[in-house]
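Chain letters run A, B, ... following the sequence lines, proteins first, then strands; residues in each count from 1. Hydrogens, waters and symmetry mates are skipped; everything else that's a heavy atom, side chains included, is used.
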Amino acid sequence: MAAYLSMGEAHRRINDYLSRLSDAISDSDGAALASLLAVSSAPASTPLSDALAAFPDFARLASDRFPHLSDFLPQLLRAIHSHSTRRFSDAYSSFEKAASAFLQEFRNWETPWAMEAMHTVALEIRLLAEKADRELAMSGKNPDKLQAAGSFLMKVFGALAVKGPKRVGALYVTCQLFKIYFRLGTVNLCRSVIRSIETARNFDFEDFPVKDKVTYMYYTGRLEVFNENFLVADQKLTYALVHCNPQSESNLRKILKFLIPVKLSIGVLPSRALLEKYNLIEYADIVTSLTRGDLRLLKQALDTHEDQLLKSGVYLVLEKLELQVYRRLVKKIHIIQRQKEPAKAHQIKLDVLVKTLRWLGIQMDVDEVECIMACLIYKNLIKGYFAHKSKVLVLSKQDPFPKLNGKPI
Amino acid sequence: MASHGAAAAAGSDATSVEVSGMCQTNQPAYPPVPSGDHSWSSSTGAATVSWNYPVDNQSQAAVYYDPQRDVSVSGDNQNVASSVPPVVQSTMGLTSASQSHVPYSNSLQHGYNPPEYTNYYYNNYPQTTNTSAQQGGANQHSGAAYQPLTSFQNSGSYVDPTSNTYYNDGGHQTAPGYGTNNYYYQHDTWNHGSSENNYAQPYQNCSSSDTSLVQSSSSVPANSFSYQQQYNQWPYYYNHSVPSSAGNPVAGSSNTDNRSVNTVSSYSYPSSEPPPPGTTSWKSNSGPSVAPPVQAPGVLEPQNQYVKPAQEISGFQYQYGYHAPGAPLSQNYYANQAVYPQNTMNVNHVPVNNHGDQHKSPNLQGSLTTDTSSENKVQVPVNPRIAPGFSMVIPKSEKKILGADLAKKPAYVSVSVPENDAKAVQHVPDARSLPFSLRNYSMRNLNRCKDEAQKVACQSIIQEITNKAISDGTLLTKNWDTEPLFPLPENLLTTPETSSANNSSPLSTSTPRRRLKSRWEPVLEGNVTDKVEPVAKALMNGSTQSVFVTSNNMVNNWDAGKFLQSRHTPLNKITKRPTKKQKIGSYSSPMQNGNTSSDSDKEQGLTKYYTNATALANSPEEKKRREHRSKRFEKGKDSSSKSRSSAANKDSMAHVRARRAISALVTSNYEDGGSLAVEDMDWDALTVKGTCQEIEKRYLRLTSAPDPSTVRPEHVLEKALSMVDTSLKNYLYKCDQLKSIRQDLTVQRIQNELTVKVYETHARLALQAGDLPEFNQCQSQLKRLYREGNKGCYFEFSAYNLLCVMLHSNNKRDLLSSMASLSKEAKQDGAVKHALAVHSALSSGNYVIFFKLYKQAPNLNSCLMELYVERMRFEAIKCMSRSYRPTVPVVYVAQILGFLRIDTDGSVLNGDDRSDECEIWLKAHGAILSVDNSGELQIDTKASSTTLYMPEPENAVAHGDASLAVGDFFART
């Protein structure tokens, strides 16, 4: 708690804040308004929050002074006050009310001058909701504020995703929505928003601000990873990577975290340097296992990082690399055989494979290995056929191991 | 207009339900004035056509008049007078004059009636909102006008001019009222004009309900059940009728139904002549017949009745409580009895059954009416639950209650017999002592109130003022007409605003508006609790009666009476105002207006539907079916229940009612307050404690609040569970039993190990039967229960969950989250390990491992895998046909695809059988087989790779299990 403030001083500070806010609105100064609305990013003790603590009747003051903003200012002040006293749930509730009032007004404004402020509101409401949910979860209550924030942002999106100058701000809100949905695990809700963004004919996607486009592509790319739609995911994540601000390494890392597994699954391996630069060492072993055909290493790597990979959602993608590792193994055997006895290079005996796997510490019986070979052929990772009678894998004479070339398995 | 016509046409189309549905959709488009004209003309034209039920009408008329006579000589005059003048205004005047016999203030009202009417006709009428018109009428003594209408039934000749105009608008506007129904019906009988079809429907409602009731009541013991049946039946009806009728069912209709049911049943049964018109009209008459004695308030009432059932009902109560001297009322009843011996008889049955002890003799009709009304009320709030369309009902009826508030609520829920005589008598002095002008004054105040809470406050203020005046002795001397209105307890929107809103959207139901309001002005807490508690208590006592008799009611009635009275006053002002808007707005309950109008439309639609089904409904088969349907709901109870004593019946009746009441309250509370969140309610107080001792119970999805007598307490449920466990009956039986156990657990909010056990048992059974939907239900409940710390077979079900997600939902995200949520210990569990192994086999497409795991599956993992086997085999054979060359031996395929079972010692069990099975399977899937040199059967992989296909499942049966075939389903009853 800050030092004691005189009533007059508190009154003055609140009045000052109110008039700045009112001025920003009357001057259509979006940037100033945005900075004044940043509730959750403010430190716990600011001149204003101290003043609010010292002057408990601030809501009345606000509504008396600016009666036309009476549904907005008191709630906003309450939100700031609750936030500074770390009552996040209350802060969220107040802020949502203020935000609703603001949205109401925003709808009526012809020009998008307040877009920046609207974006701040969108961001703030999400951050506040996250804090509120943490608080609620700690006290054993149902954390539903983020969900509420999601539905509020849907309203904001509805106000923005219309024809006209405001549409340019829609993508930002979309990204905030993505963040909420991903956190809540309700990513299926993204679909409607995506449809609205991608099917709009009167607004070119490229006209959105770059930062929003990158965020959008990142999230939609991640969605495609969930759907195991690797080609589209690759495309989106690559777009995000290319357009992302090269200075912001953390963002680049986030993108790469999903782009690398996608690339791996379509047969493109990252350099060690890249992994090191962006601190993605968890992928290093997997990449090595792919180059070596070391199934044991792959399993180890997946095991070690299982929790992390499950959480980020790429575990299943990486798990599927298993077949590629088998293929690599077969290819290595093939190369060795070609060196030893070129005549029979394209015939690989099943017990050789079984022996190799056993040497790798993987106990599989003949039928299982046979099945894997069948799968490799079936999935076009190997060209050739399997002769059951003689238990021999017969490789095609030309290009027995076709490159994936961006084709997913 | 057009819509109306269409509706009419549809109505004439009698048989097709679809058509009626269409009509209903049309109906919301209001039939404005012209439609009224239209119907009118048609009716006149038809007037000559048929005199099917003249006798009935007459008799009805007699009933109707009798009460009036009892009360005042002018009753007869009234009718005559009204009948004479074709001009509306003159009628009005006359009627009002005739009504002036009422001790209070009629003369006052009487003065402004004519102008009002004119307004009513010329101003309001054009406005689309029927309700407003209707209300205006009501407020302005139009009751008189309406009464002629009733009388009009009697004397067909004069009826047409006045009543038609009147009626048409009244009818269109107020369709929901059963009074209107009645009217319609009469039209129907006289003319079979196209428009009449519409009208006919209401009647049909009645009749249909009638039939079922009559049947049920044919035996005296059965009779007692009729109420219950009705309760059940109606929701049931609505369920059915609502969808077909474009979801437009009106509250009004429900009221009508109920009423008609009650009255009709009693009436028609003894007389053994089921004159549909007679019954209906009688019902409608019953309203007025009661009303006339009350007159001052009553004047309004009859109108309301015609207009709106809900209003009428509430009006009744109030009348009794306030104005109506008890004696006249009872006289009325007697009179009725005299006139209609059958009636009384029936009535006797009803009241005896329901209320048993009280009021048998004097009140017969009164009790009957009250019964109906109470039911109506009870039903009204319930309906919205069942059919969302009905939600409008609640606000309406509540509005009607208006002044009534906390205290009134209970009264509202269960209109009481006691009210009639006891209260009426008791309050007579009170009522009489209150001058009409005071009532006007209070009405003025009340009119300004915008919502229930405020009205409550207003009421209390009025009460205070009145008390003060009484104590001062200025009650009669004070000029209440010039008394300034006291300031409203809360700030509110001005009435004009509301009115304009109302005008602009005549169809808007009050519900949304109410919500809007309540969001900002939450309902008083006390309000809610007050409402809930009495009923809850009543429930606990098992005696609903006690609730009825509470002094609260009396007060309520008194208030209500005041309210009704005071309604007149605003009208005076209104008439003077030039614009329609203002007029409407100044009514005390603008919402009501809106409601009624929309209601009426829907009502018409609904009734149309019924009309169409009339022929059907009257047929004996249909009757039987209905009876059967209504009895369905009682099956859970003792089969011996029929032979129970009347006391027991009464108890159960009270019980049912109380349950209804609670659910009604819950619903209405919910409706009331956007502010009153569900979690704010004291669910503990409402939690059922079961008393049923029977172990076996069939599952029936609850359509109302649970009845403790049919709910089993925990220890019985345990026995039931072990019974199911050891039972040798089939899955459907067990599923049914487990569902009922689950239901009982849920309604008693039991969440412990037993709950977990029940769900686990059910989930396992469902797995074994391959019933995935049921399994998923149980699984999701189990997830929650485990999460809340209840112990159970968590690992086993984690494994099931994993398998279910990976094999049957194919949702990668779900799988990820399921896998991520596994704890370290869980991953060490055998079953979970197995499930994870299955997952990795699937992800690499390793069918060999999959089938090995299939054979080694712990618990019921194999049951889940089994559902995937077919697909996996097909994938495998596709893979093999592409990758193997030139052939694959069938024996090998049979072995790796799980057709062969290799014993631990390596010997092949039933080798031949299994191979044959594999061969058949391969052939069925299009594989091309050949015999090689050694005589071994091989798959020609190259040829097969293009011919493989997935055959249609030939023996697909419910739940994927032949033992659950349809025949079985039918066999279980």
Side-chain angles (χ1 to χ4, degrees), chain A residues 71 141-142 182 185-188 222-223 225-229 295 299 302-303 306-326 364-389 392-394 409, chain B residues 519-520 679 788 805-806 810-824 827 836 839-853 875-893 895-897 902 932-934 936 938-939 941-942 945:
Chain A
D71 52 350
K141 284 180 202 145
N142 182 27
F182 271 82
T186 54
V187 291
N188 51 325
R222 280 185 65 181
L223 283 177
V225 174
F226 285 138
N227 300 334
E228 309 209 332
N229 208 345
L295 199 62
K299 299 212 166 181
L302 285 177
D303 228 35
E306 186 181 355
D307 291 343
Q308 192 185 344
L309 298 175
L310 277 172
K311 212 171 153 198
S312 66
V314 293
Y315 183 85
L316 299 180
V317 180
L318 297 173
E319 206 181 25
K320 291 217 158 165
L321 296 174
E322 189 186 354
L323 282 179
Q324 284 197 54
V325 177
Y326 280 120
M364 288 177 103
D365 70 16
V366 183
D367 286 343
E368 287 167 25
V369 178
E370 187 178 325
C371 173
I372 285 165
M373 292 311 123
C375 285
L376 289 175
I377 297 166
Y378 178 57
K379 299 199 170 167
N380 275 328
L381 288 162
I382 291 175
K383 270 186 171 177
Y385 66 89
F386 193 86
H388 178 74
K389 224 184 226 170
V392 168
L393 172 66
V394 182
I409 300 166
Chain B
R519 191 180 301 157
W520 300 98
E679 58 261 26
E788 287 166 7
V805 172
M806 74 178 77
N810 202 26
N811 185 331
K812 300 294 173 196
R813 270 199 57 82
D814 285 354
L815 180 56
L816 275 169
S817 64
S818 300
M819 287 173 74
S821 66
L822 288 176
S823 63
K824 280 261 181 315
K827 281 177 190 165
L836 290 172
H839 161 71
S840 74
L842 276 180
S843 83
S844 59
N846 197 325
Y847 44 85
V848 174
I849 296 178
F850 179 87
F851 282 103
K852 277 184 183 163
L853 290 168
E875 278 300 306
I877 203 69
K878 264 204 307 190
C879 173
M880 290 164 99
S881 70
R882 272 218 47 197
S883 51
Y884 283 84
R885 290 291 182 273
T887 56
V888 187
V890 170
V891 176
Y892 173 72
V893 173
Q895 180 211 322
I896 62 167
L897 294 191
I902 311 285
D932 73 349
N933 304 337
S934 63
E936 204 178 352
Q938 306 273 351
I939 301 171
T941 52
K942 192 167 188 181
S945 64

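Interface check for chain B: of the options A:Ala374, A:Ala387, A:Gly384, the most heavy-atom pairs under 4.5 Å are formed by A:Ala374. In terms of heavy-atom pairs under 4.5 angstrom with chain A, the leader among B:Cys879, B:Ser844, B:Pro889, B:Gly845 is B:Cys879. Of the residues considered (A:Leu310, A:Ile377, A:Asn227), A:Leu310 shows the highest number of contacts with chain B, using heavy-atom pairs under 4.5 Å. Of the listed residues A:Met364, A:Glu322, A:Glu319, the one with more heavy-atom pairs under 4.5 angstrom with chain B than any other is A:Glu319.
Ring pair A:His388/B:Tyr892 is tilted by interplanar angle, where 30° to 60° counts as tilted.
In plain terms, the two heavy atoms of A:Asp367 and B:Val848 that are nearest each other are O-CG2, 3.6 Å. Residues B:Tyr847 and A:Cys375 come closest through the heavy atom pair CE2-SG, 4.5 Å.
Annotation: the span from A:Phe386 atom CZ to B:Thr941 atom OG1 amounts to 12.5 Å, rounded to 0.5 Å. Atom CZ of B:Phe851 and atom SG of A:Cys371 lie 10.0 Å apart (nearest 0.5 Å). One distance of note links CG of A:Leu323 with OG of B:Ser843; it measures 7.5 Å at 0.5 Å rounding. Annotation: the span from A:Met373 atom CE to B:Tyr884 atom OH amounts to 10.5 Å, rounded to 0.5 Å. Interatomic distance, A:Leu309 CG to B:Met819 CE, rounded to the nearest 0.5 Å: 10.5 Å. To the nearest 0.5 Å, atoms CD1 (A:Ile372) and CD1 (B:Ile849) are separated by 6.0 Å.
Looking at B:Ile896, the atoms closer than 4.5 Å to chain A (heavy atoms on both sides) all sit in the side chain, from C-beta outward. Using a 4.5 Å cut-off between heavy atoms, B:Met880 does not touch chain A at all. Looking at B:Lys852, the atoms closer than 4.5 Å to chain A (heavy atoms on both sides) all sit in the side chain, from C-beta outward. Looking at B:Lys824, the atoms closer than 4.5 Å to chain A (heavy atoms on both sides) all sit in the side chain, from C-beta outward. Looking at B:Asp932, the atoms closer than 4.5 Å to chain A (heavy atoms on both sides) all sit in the side chain, from C-beta outward. Of the two parts of A:Asn142, neither the backbone nor the side chain holds a non-hydrogen atom closer than 4.5 Å to a non-hydrogen atom of chain B. Neither the backbone nor the side chain of B:Leu822 comes within contact range of chain A, judged by heavy atoms closer than 4.5 Å. Of the atoms belonging to B:Thr887, it is backbone heavy atoms, and not side-chain ones, that fall under 4.5 Å from chain A.
By the salt bridge (Lys or Arg N to Asp or Glu O under 4.0 Å) test, A:Lys383 is found to be paired with no residue, residues two or more places apart in sequence or in another chain being considered. Applying the salt bridge (Lys or Arg N to Asp or Glu O under 4.0 Å) criterion to B:Lys812, with sequence neighbours excluded, gives no partner residue.
Salt bridge present: A:Glu306 and B:Lys827 bring a charged side-chain N and a carboxylate O closer than 4.0 Å.
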Q.
Show, in sequence, the C-alpha distance, side-chain angles and deciding distance for A:Leu316 and B:Met806, and conclude whether the side-chain contact (heavy atoms from CB on, under 4.5 Å) test is met.
A. CA-CA 11 Å; A:Leu316 299 180; B:Met806 74 178 77; over 6 Å; no
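Under a cutoff of 6.0 Å and an axis angle of 45°, B:Arg882 and A:Tyr378 do not form a cation-pi pair.
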